[in-house]
Amino acid sequence: MTPDEETFEAKVRRITKEIADLLIEKNKCYGNSALQPLGCFYKGNATDAIKVRIDDKLSRIMRGKEYQQEDTIKDLIGYLVLYKIAVEKEKEI
């Protein structure tokens with residue numbers, strides 16, 4: 001099936017799987033640093049740290065200054081997923 005023939009549902013499932021795979025791979029590489037930051041320099045909580053990263057990604061998109069090896073939109077979606085997880089975690093406390 002070509003991308004043009006792909007249904008809306010299939011596109012949503014493919015893209016969300018790509019985001020999930022990206023988050024899982026980055027978590028393997030970096031540990032759970034987004035949700036459990038080391039706090040070497042930044043002393044805020046995980047939710048605020050993720051907001052900073054989201055701001056950085058939005059800034060890159062708005063300025064058109066994306067790294068060639070990086071998909072900034074995928075990263076932004078990933079950080080929004082991490083933000084949702086962090087907010088849910090805070091509600092549990």
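Small disclaimer: the values here were computed from a predicted structure and weren't measured.
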Decide side chain to side chain contact (heavy atoms under 4.5 Å, CB included) for L22 and E25; before the verdict, give the C-alpha distance in whole Å, the side-chain angles of both, and the deciding distance to 0.1 Å.
CA-CA 5 Å; L22 176 70; E25 187 63 31; 5.8 Å; no

To the nearest 0.5 Å, atom NZ of K89 lies from atom CD of Q36 at 4.5 Å

Nearest heavy-atom approach of A34 to P37 is O-CD, 4.0 Å

Work out which heavy atom in K57 is nearest to a heavy atom in T72; give both atom names and the distance.
O-CG2, 3.6 Å

Between CG of L35 and OH of Y83, what distance do you get to the nearest 0.5 Å?
12.5 Å

Identify the heavy atoms of Y79 and I50 that sit nearest to each other, and give their distance.
O-CG2, 3.5 Å

Over 12 foreign heavy atoms within 6.0 Å of CD1, I73:
no

If we only count heavy atoms from C-beta on, is the V87 to K84 side-chain gap below 4.5 Å?
no

Interatomic spacing from CD1 in I15 to CD1 in I77 - rounded to 0.5 Å
7.5 Å

Verify same cluster id: V52, I54 (apolar side-chain graph, 4.5 Å):
no

So CZ of R14 and CD1 of I19: to nearest 0.5 Å the spacing works out to 10.5 Å

Salt-bridge test for K74 and D21: reply yes if a basic N is under 4.0 Å from a carboxylate O, no otherwise.
no

Rounded to the nearest 0.5 angstrom, the CG-CZ distance for L82 and R53 is 8.0 Å

Given the rule in the side chain to side chain contact (heavy atoms under 4.5 Å, CB included) test, do E90 and N45 qualify, once you have shown the distances and angles that lead to the verdict?
CA-CA 10 Å; E90 285 180 357; N45 64 28; 3.8 Å; yes

Heavy-atom neighbours of K17 NZ exceed 12 at 6.0 Å
no

Please round to the nearest 0.5 Å and tell me the distance separating atom CG of L23 and atom CG of N27.
8.5 Å

